[in-house]
Amino acid sequence: MLSLSHNLKNQLQEALEKAFPEAVASAKKSDSPLEATLVATGKEEFGDFQVNSCFQLAKTLRKSPRDIALEIVKYLNMDPDFSEMCDPPKIAGPGFINITISKDQLIKEIRSRLTDKRLGIPFEDSSKDIEKLKPVIIDFSSPNIAKEMHVGHLRSTIIGDSLARIFEFRGYKVLRLNHVGDWGTQFGMLISHLKEVAPEALTDPNAFEISDLVKFYKEAKKRFDEDENFQDISRKEVIKLQNKDIESLNAWNLLCEQSRREFEKIYERLDINIQERGESFYNPFLKQVINDLEKDKLLVTDDGAKCIFLVDKDQNQNNLPPVIVQKRDGGFNYATTDLAAIRYRFRNSPEGDGASRLIYVTDSGQSSHFNGVFQVAKRAEWIPKGCRMEHVPFGLVLGEDGKKLKTRSGETIKLSDLLDEAIKKAKSDIRQRLQKEEREESETFIEKVGKTIGIAAVKYADLSQNRTTDYQFSYKKMLSLQGNTAPYLLYAVVRIAGIIRKGDNIQVSLREITFNEDKEWSLLRQILKLDEVIIEVEEELLPNRLCTYLFELSQIFNRFYDQMPVLKAEEPYRSSRLVLCRLTADTLKLGLSLLGINTLERM
RNA sequence: GGGGCUGUAGCUCAGCUGGAUAGAGCGACGGUUUCCUAAACCGUAGGUCGUGGGUUCGAGUCCCGCCAGCCCCGCCA
């Protein structure tokens with residue numbers, strides 16, 4: 001109902017200006033113009049929209065909110081466009097104006113949805129605005145080379161992918177970047193260690209599995225922490241790498257290649273498309289970062305390290321920590337890489353991506369890091385006008401005990417194991433149900449449905465939570481058939497698919513659409529809200545809002561389904577209800593696809 | 001010590017940027033099936049929104065203090 005509410009807003013503003021011309025005119029001259037705001041109602045009994053502004057206006061206009069409401073309503077009623085769209089507005093409570101879209105208008109809206117594959121979601125038209133042609137960069141997932149993907153990468157991967165899908169659907173050019181950890185001291189450690197204990201790993205890509213590499217990594221880390229001599233060797237190895245020593249570089253490439261293959265497996269299972277561009281990509285630009293910061297007089301050398309001291313909002317420097325961009329030993333660190341990345345991403349091609357918006361999907365523990373880096377980038381004036389960068393933080397994945405999710409033995413949980421487990425549990429749920437219902441299904445069916453539900457459950461559980469808080473991971477809850485879960489939503493889709501299967505030769509008639517039940521109108525209204533929700537998610541970067549919407553849609557549909565026969569209804573109700581079913585299914589499928597979730601016809 | 005995030009029903013969480021009587025789901029209790037997948041639906045019970053102030057017509061939402069939990073804080077990413 002985006003365009004509708006847009007029209008309404010204009011009509012409302014006009015009514016306000018006609019009702020109180022002097023007040024509006026004088027307010028316009030000052031900095032605070034009088035505006036009436038239109039909000040969706042909290043409850044259906046209040047109609048579709050409510051105007052809350054009469055209270056605020058009461059003070060400046062020196063009238064009671066109800067009197068102001070009366071005046072505005074008077075002019076709204078005189079507007080023929082308004083009267084065509086809406087029922088006569090009602091004044092309620094101490095001074096709310098409740099607006100209800102007329103039934104004719106609602107049917108008009110729903111009719112236009114039937115022929116619109118985008119279900120009312122506007123397409124951001126790139127040709128109109130040159131800024132919009134610039135890509136949005138979403139930096140997400142970002143595992144480390146020579147390590148397996150684990151729970152820690154789950155949220156970033158799922159949330160980042162969903163945001164990317166939403167931006168893509170809206171028509172933006174999106175760059176999905178996998179900022180993998182493929183550089184730094186860790187490689188010095190690992191390569192030095194491998195040279196000693198398993199040199200074949202550095203020449204033969206098939207010598208070891210990724211899990212072996214992880215083992216070697218842990219050993220290397222331990223040695224590094226305990227043995228000063230080994231620290232020296234490792235640092236020298238890093239320098240060799242940086243100086244492009246052939247042998248070291250080959251070893252490094254091999255490690256990356258091996259990890260890449262493992263990552264790909266996970267991305268394929270999760271149906272995630274992402275372009276690798278690791279930290280090492282920015283190596284050639286690091287020196288320039290330092291030079292330019294130096295030129296801008298932002299750099300301070302402190303205890304041998306080159307850094308920028310942060311300032312608070314009043315430009316004060318009270319004890320705020322520095323962002324270190326060059327270590328005492330001359331090496332660069334992650335802040336340097338991130339700064340180089342920011343600059344590269346905003347710069348126009350061919351030396352950059354020419355992006356308009358940078359979105360970083362990482363855990364909230366990195367908030368202060370990004371604050372610091374963003375501040376430096378701003379002070380260095382590396383952010384073009386009209387462009388923005390945002391950290392999209394998310395909380396930890398907790399176990400059911402409320403502590404950081406770990407295996408029983410205290411190890412980090414591998415992402416592949418986590419997905420296996422979800423699928424395994426989904427399949428066993430299906431088997432139990434089939435037995436209970438005495439249904440026969442093929443192994444292929446169980447396999448496919450189990451996989452779809454398992455992956456959907458993991459993704460949906462994560463996305464349906466407001467990402468800023470920690471989230472409690474529970475197979476039982478995410479696979480549950482009741483509540484705000486993937487199976488519940490998938491089931492709604494399946495129910496509709498069932499109707500459409502059985503009602504062969506369904507022809508959705510565009511001629512007559514008629515409703516006369518509350519359950520029909522509620523469903524119709526909910527269907528029409530999709531566009532607003534998508535725009536909101538795009539703005540707030542909160543996919544859980546979309547989940548809430550889809551869950552509510554499923555609930556409303558199930559209530560409708562429970563009481564409104566579709567196939568057995570008389571015409572024109574049969575076709576009209578079929579329209580609702582079809583659009584509900586389309587909406588659920590589109591919404592879920594934007595979350596990266598596949599649907600089923602039967603389950 | 002400094003900074004950030006969080007605190008809402010027994011549990012897990014929403015709460016659309018300050019609006020009407022604070023909402024879901026789970027769990028508990030009770031009900032619904034000759035009918036499109038009951039994997040559903042309906043009803044009941046359950047709240048001092050951590051706490052104390054403030055701002056205003058109006059605060060879970062904004063500001064200040066305090067309490068509790070988690071995370072970050074100079075050469076790891």
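Letters go in sequence order (proteins before strands), and every chain restarts at 1.
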Output a table of nitrogen or oxygen pairs between the protein and nucleotides 57-63 of chain B separated by less than 3.5 Å.
from	atom 1	to	atom 2	distance (Å)
B/C57	OP1	A/K59	NZ	2.9

Distance-only criterion, 3.5 Å: show the donor-acceptor pairs between side-chain atoms of residues 482-489 of chain A and protein atoms not counting sequence neighbours.
from	atom 1	to	atom 2	distance (Å)
A/N484	OD1	A/Y460	OH	2.5
A/T485	OG1	A/S480	O	2.8
A/T485	OG1	A/Y488	N	3.3
A/Y488	OH	A/N558	ND2	3.0

Contacting residues from residues 35-51 of chain A, given that a heavy atom lies under 4.0 angstrom of RNA chain B = A/K43, A/F46, A/Q50
State which residues pass side-chain contact (heavy atoms from CB on, under 4.5 Å) with A/V73; sequence neighbours excluded, sorted by chain then number.
-> A/N77, A/P89, A/I91, A/I97
Only stems of 3 or more consecutive Watson-Crick or G-U pairs count here, both distances under 3.5 Å; name the ones for RNA chain B, or none.
-> B:1-7 with B:67-73, B:10-13 with B:23-26, B:28-32 with B:40-44, B:50-54 with B:62-66
For A/F96, which residues count as a ring-ring contact (aromatic ring centres under 6.0 Å, His included) partner, sequence neighbours excluded?
-> A/F55
Reading nucleotides 68-77 of chain B from the 5' end, what letters show protein touch, with B for base, S for backbone sugar-phosphate only, - for no heavy atom under 4.0 Å?
-> ---SSSBBSB
Sequence neighbours left out, what passes side-chain contact (heavy atoms from CB on, under 4.5 Å) with A/L398? Give chain and number order.
-> A/L396, A/D470
Quick one: list whatever passes side-chain contact (heavy atoms from CB on, under 4.5 Å) with A/E571, sequence neighbours left out.
-> A/R574, A/S575
Which atom pairs, one a donor and one an acceptor, fall under 3.5 Å between side chains of residues 56-64 of chain A and the rest of the protein, sequence neighbours left out?
from	atom 1	to	atom 2	distance (Å)
A/T60	OG1	A/L57	O	3.2
A/S64	OG	A/D67	N	3.2
A/S64	OG	A/D67	OD2	3.3

Once base and sugar-phosphate atoms are separated, protein heavy atoms under 4.0 Å mark nucleotides 31-43 of chain B, 5' to 3', with B, S and - as ----SBBSBSSS-
Sequence neighbours excluded, the answer for side-chain contact (heavy atoms from CB on, under 4.5 Å) partners of A/R277 is A/L175, A/L177, A/F281, A/Y282, A/Y344, A/R345, A/D353
